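Report on one structure; see the data block that follows.
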Amino acid sequence: METAQRIKALPPYLFAQIDKKIAEAKARGVDVISFGIGDPDLPTPEHIVKKLQEKAADPSTHRYPSYEGLSVYREAVANWYKRRFGVELNPDTEVVSLIGSKEGIAHLPLCYVDPGDVCLVPDPAYPVYAIGVLFAGGESYKMPLLEENGFLPDLEAIPADVAKKAKILYLNYPNNPTGAVADKEFFQKAVEFAKTYDIIVCHDAAYTEIAFDGYKPISFLEVPGAMDVGIEFHSLSKTYNMTGWRVGWAAGNADIVSALGRIKTNIDSGIFEALQYAGIEALEGSQDCIDENMKVYTHRRDLLVEGLKKLGWPIEKPKATIYVWAPVPAGMNSTDFAALLLDKAGVVVTPGIGYGESGEGYFRMSLTLPTERLEEGLRRIEEAGIRYA
Ligand SMILES: *Cc1c(COP(=O)(O)O)cnc(C)c1O
């Protein structure tokens, strides 16, 4: 059976080579230490698990949920936005529940992108932006995220004829994979750009609660005018160690939220209501679990960054996210460097090229592995004689 063009057009899976090498190393009996995956290793806080258990036992949660989410869930999201960012949201029209934010991000282009339309996609980036555009028949115009620009896209460098054709501008701060953060001034520029060219801003805010040293990331929706042009995607996945649960939301401009809701009514049937109650518990219960997480991540970040610096890496501590983004040593590409680390140290990192062409020359290390494994990984890199310079 022939697959559709959209499947054939999928970019090659760039981690295939490294995945094969990992499987081979494991088969040889190598104790592989993976810094590759951005998936919290710490468990979901107990009070959230308890709420799911309690609500799962209540038959009133067993039937089809409403596609847009329980009104109490959307109210909890709106209240959280108010408390956390000072942003006022109408829970009935400006919030929609999602089966994890990835689901909503992937479906958004179906609302606004016709075949041949252009979307502005950062590079390097979470692959779902460009894939969603591709599935809707659109084309991605890649905006390089360069270190000299603080890994922010240079909106002024986008040719006017491209901007005029563009439908969606994707942003993600705090950023995966670079760990970069954005300030109000940058978001303000994005709002002005979007208004000039009549473009929707899709901000992926998955990491706003994973920030270090007292830094508080902002919401795109805090910026004046953002509600006219923007939609922000968020989820419980990273904040509350709930990646497996699949609970998220989108919030922002009512027309965009409603368009996404219309696509979703025709595709899925919402989130298990017991899960939504657990989500409310996450947002409204004790937030001490976030501080505890951040203590662990801060310790790991410091160990990792200081360990790499000792080996010559010219890097700073990231202000947010669970990632350290670092340059590969001169004369190597990111794929070869990842292979070298695996062969010589049994350590897995993700090569930057996997996040787009502008990710070449870098690799990403995640903080979501037990601290003693992180230390062991660093030790092995040092013992293998691998240095930046
Ligand atoms: C982890 C992550 C998400 C969250 O995905 P969920 O589907 O909500 O689990 C979204 N965007 C980025 C950039 C991520 O790294």
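Numbering of ligands and ligand atoms starts at 1, following listing order. This structure is a prediction, so every number in the text was calculated from the model and none was measured. Note that the numbering runs from 1 along the sequence shown for the chain. The basis for the numbers below is simple: all heavy atoms, side chains too, and nothing from hydrogens, waters or symmetry mates.
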Practice task
Answer yes or no for Arg364 and Tyr355: cation-pi contact, defined as NZ/CZ to six-membered ring centre under 6.0 Å and angle to ring axis within 45°.
Solution key: no
Fill in the blank from the handout: Between the OH atom in Tyr277 and the OG1 atom in Thr61, the distance rounded to the nearest 0.5 Å is 8.0 Å
Handout entry: For Lys238, atoms of ligand 1 separated by under 4.0 Å from a heavy atom
Key = 1 (C), 2 (C), 3 (C), 4 (C), 14 (C), 15 (O)
Problem - Short N or O distance, Ser235 and ligand 1, threshold 3.5 Å exclusive - result: yes
Fill in the blank from the handout: So for Ser101 against ligand 1, with non-hydrogen atoms under 4.0 Å, the contacting part is both
Exercise for the section: Output yes when Asp41 and Arg373 qualify as a salt bridge under the 4.0 Å nitrogen-oxygen rule, no when they do not. Expected result: no
Exercise for the section: Between Asn172 and ligand 1, find which residue part has any heavy-atom pair under 4.0 Å and reply side chain, backbone, both or neither. Expected result: side chain
Completion exercise
Separation between CD1 (Ile290) and OG1 (Thr239), nearest 0.5 Å, reads 6.0 Å
Fill in the blank from the handout: Heavy-atom proximity to atom 15 (O) of ligand 1, picking from Trp245, Tyr207, Tyr126, points to Tyr207
Practice task
May I ask you to check if ligand 1 and Thr243 share an N or O to N or O distance below 3.5 Å?
Solution key: no
Fill in the blank from the handout: Under 4.0 Å between heavy atoms, the region of Glu103 that gets near ligand 1 turns out to be neither
Problem - Under 4.0 Å to a heavy atom of Gly100 - the qualifying atoms of ligand 1, by number - result: 7 (O), 8 (O)
Problem - Nearest neighbour in protein (non-hydrogen) for atom 13 (C) of ligand 1 - result: Asp204 OD2, 3.2 Å
Problem - For Glu376, the option from Leu369, Asp31, Ile33 that meets side chain to side chain contact (heavy atoms under 4.5 Å, CB included) - result: Ile33
Practice task
Give yes or no for whether the N/O distance cutoff of 3.5 Å, strictly under, is met between Tyr129 and ligand 1.
Solution key: no
Problem - Region of Phe233 engaging ligand 1 - heavy atom pairs below 4.0 Å - result: neither
Practice task
For the pair Glu281 and Lys55, find out whether any cationic side-chain nitrogen is under 4.0 Å from an anionic carboxylate oxygen.
Solution key: no
Handout entry: Between Tyr323 and Tyr207, ring centroids under 6.0 Å
Key = yes
Problem - Ser237: numbered ligand 1 atoms lying under 4.0 Å from its heavy atoms - result: 6 (P), 8 (O), 9 (O)
Handout entry: ligand 1 atoms in contact with Arg246 (distance to a heavy atom under 4.0 Å)
Key = 6 (P), 7 (O), 9 (O)
Problem - Lys167 and its side chain to side chain contact (heavy atoms under 4.5 Å, CB included) partner, picked from Ile199, Leu120, Asp117 - result: Asp117
Practice task
Output the list of atoms in ligand 1 that are nearer than 4.0 Å to some heavy atom of Lys102, sorted by atom number.
Solution key: 6 (P), 7 (O)
Problem - Salt bridge flag under 4.0 Å for residues Lys50 and Glu54 - result: no
